[in-house]
Visitor: 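Dumping the structure here so I can ask a few things about it.
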Protein chains: 2
Amino acid sequence: MTRSAANENASPWLPAEDREKARDQKMEAVQDMALTLFIEQGYHHVTMNEVAERLNVTKPALYNYFRSKEDILYSCWMSGHERLQQRISAELGAGGSGLSRLRRLVRVYAETMTTTYGKSLVLLDERDMDDMNRRTILARKRDLDGVFRALIAEGVADGSIRPTDPRMTAFAIAGALNWIGHWHRADGPMTPEEIGEDFALRLTAGLEGKAPIVSE
Amino acid sequence: MTRSAANENASPWLPAEDREKARDQKMEAVQDMALTLFIEQGYHHVTMNEVAERLNVTKPALYNYFRSKEDILYSCWMSGHERLQQRISAELGAGGSGLSRLRRLVRVYAETMTTTYGKSLVLLDERDMDDMNRRTILARKRDLDGVFRALIAEGVADGSIRPTDPRMTAFAIAGALNWIGHWHRADGPMTPEEIGEDFALRLTAGLEGKAPIVSE
DNA sequence: TATGGATATTACCCATGGGTAATCAAAAGT
DNA sequence: ACTTTTGATTACCCATGGGTAATATCCATA
């Protein structure tokens with residue numbers, strides 16, 4: 001009542017925008033809640049009923065915003081990827097040696113992995129999606145792997161990283177980073193920035209120098 | 001026919017043993033087949049019907065060997081853990097510096113991660129199990145983490161590993177190792193031994209020396 | 001105050017798949 | 001030869017949970 005009174009004489013075009021914005025916000029709320037539950041309990045243990053209940057609506061209401069449960073899953077992954085990609089692009093824009101760029105990639109990747117959307121990249125399973133969506137996810141995962149390998153190769157080429165196999169190096173680094181999604185808890189002892197800083201150095205500490213790694 | 005002829009005059013007590021052995025083999029066959037499918041498709045996409053079909057039996061036959069689908073899942077994880085634990089114990093029996101023992105742990109862990117049972121430790125989800133089994137799994141995972149941390153702390157204490165936080169170091173190393181379960185394919189370019197050797201050096205390359213890692 | 005579009009609810013459908021009951025066949029024990 | 005045990009089959013049950021149809025409500029607009 002107070003709300004309608006405040007808007008009583010407002011332009012009649014504004015509410016239309018508001019309604020659209022409200023719709024987007026609701027869609028996002030559905031996605032956020034679903035993702036939180038997916039991460040907590042695992043996709044298959046979360047029911048559409050539970051997602052709805054937690055949002056104080058009933059199940060069919062959700063289908064105003066997503067066509068299916070799988071559609072939400074796919075959206076979650078894609079949103080996570082978009083956010084990560086955004087931060088990577090912003091971070092890698094500036095130049096520097098291959099090693100220093102790799103360090104920045106590791107830092108921002110690690111930080112992102114501590115967020116719910118970052119974790120979605122690791123904790124949601126593309127096998128729960130249909131063929132088309134799964135193919136998209138796999139392509140993006142390959143791209144991400146390519147970024148690591150390219151940066152490592154770049155560092156080897158410019159001499160900032162000792163000669164090493166980009167494929168295995170990328171696997172090792174990406175593995176350590178992705179694992180963050182499994183062990184990180186929001187109430188843990190380190191902030192995302194501290195984790196990022198730690199990993200940025202830790203995961204590249206063995207890459208400096210000129211000589212290749214060999215068994216002694 | 002040839003088979004029965006060969007055993008015609010054998011002791012009547014032997015078949016009893018044979019039957020027990022046959023039973024164990026069948027139980028193992030069920031577990032192996034289920035695990036293979038779990039790894040390939042994900043637990044929730046594998047039906048008991050499919051497991052049975054692939055073994056040329058019908059679904060109820062499986063329930064002669066396991067009480068439930070979840071029981072198979074738990075058994076798979078535990079078998080994987082047992083095999084890993086076995087190899088770790090055998091490997092860490094001999095002495096050496098903390099660093100060299102950590103290297104041996106990494107090597108044997110990486111090798112194990114390329115096997116179906118090794119992958120089960122990472123690709124099967126304890127959230128699909130009931131409370132009791134889940135608690136057991138989580139306890140064993142904590143133990144495993146403890147082995148890494150203890151070895152790292154040992155190396156720092158004896159001077160073979162530069163001062164570093166055992167917790168984060170263990171997370172980084174275990175992450176890289178566990179990730180093998182996600183990317184490894186049996187038809188890949190490297191043998192398990194080569195992967196083990198590579199990782200043993202790669203994941204410990206940054207740990208040598210005396211000075212702690214600091215941002216330059 | 002009437003209209004229509006958007007959004008929510010109630011009540012329902014139904015495919016899926018884990019698990020079981022009744023039964024049967026074959027081998028083991030006596 | 002007979003009975004019992006083991007292990008497999010056929011046929012079925014039924015809880016779960018994603019998704020939908022019909023309907024109601026709200027609200028801006030005319």
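Chain letters run A, B, ... following the sequence lines, proteins first and then strands; every chain starts at 1. Heavy atoms only: backbone and side chains are in, while hydrogens, waters and symmetry mates are out.
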Visitor: Rounded off to whole Å, could you give me the CD-to-P distance for the B:E50 and C:dT16 pair?
Guide: 14 Å

Visitor: At 4.0 Å (heavy atoms only), tell me whether A:V46 reaches a base, stays on the sugar-phosphate, or touches nothing.
Guide: sugar-phosphate

Visitor: Mark yes when over 12 heavy atoms from residues, nucleotides or ligands other than B:E193 sit less than 6.0 Å from its CD; otherwise mark no.
Guide: yes

Visitor: Can you find a side-chain donor-acceptor pair between A:N178 and B:H182 that sits under 3.5 Å?
Guide: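 No.
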
Visitor: Scan B:Y63, B:Y65, B:F66 and name whichever one has a side-chain contact (heavy atoms from CB on, under 4.5 Å) with B:D71.
Guide: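 Result for side-chain contact (heavy atoms from CB on, under 4.5 Å) with B:D71: B:F66.
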
Visitor: With a cut-off of less than 4.0 Å, is there a side-chain N or O of A:Y65 near OP1 or OP2 of C:dA8?
Guide: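 Yes, such a contact exists.
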
Visitor: With respect to the phosphate group of C:dG18, does any side-chain polar atom (N or O) of B:N49 fall under 4.0 Å of OP1 or OP2?
Guide: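 Looking at the OP1 and OP2 atoms of C:dG18, neither is under 4.0 Å from any side-chain N or O of B:N49.
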
Visitor: For A:T58 and C:dT9, is the shortest distance between a side-chain N/O and OP1 or OP2 below 4.0 Å?
Guide: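 Indeed, a polar side-chain atom of A:T58 lies that close.
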
Visitor: Tell me the interatomic distance from A:K69, atom NZ, to D:dG18, atom P, rounded to whole angstroms.
Guide: 4 Å

Visitor: Test for a donor-acceptor pair under 3.5 Å between the base of D:dG7 and the side chain of B:K26, counting only N and O atoms.
Guide: no

Visitor: Determine: side-chain N/O of B:N64 to OP1/OP2 of D:dA8, distance under 4.0 Å, yes or no.
Guide: yes

Visitor: Figure out the CZ/P separation between B:F66 and D:dG7, and round it to whole Å.
Guide: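 These atoms are roughly 14 Å apart.
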
Visitor: What do you reckon, are the aromatic ring centroids of B:F171 and A:F199 less than 6.0 Å apart?
Guide: no

Visitor: Quick one: does A:K59 reach the base of D:dG19 with a side-chain donor-acceptor pair under 3.5 Å?
Guide: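 Side chain to base: pair found, below 3.5 Å.
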
Visitor: Counting heavy atoms from C-beta on, name the nucleotide in D:dA11, C:dT9, D:dG18 closest to the side chain of A:A61.
Guide: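 Looking only at side-chain atoms, A:A61 lies closest to C:dT9.
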
Visitor: Expressed as a whole number of angstroms, how long is the span from A:R23:CZ to D:dC27:P?
Guide: 17 Å

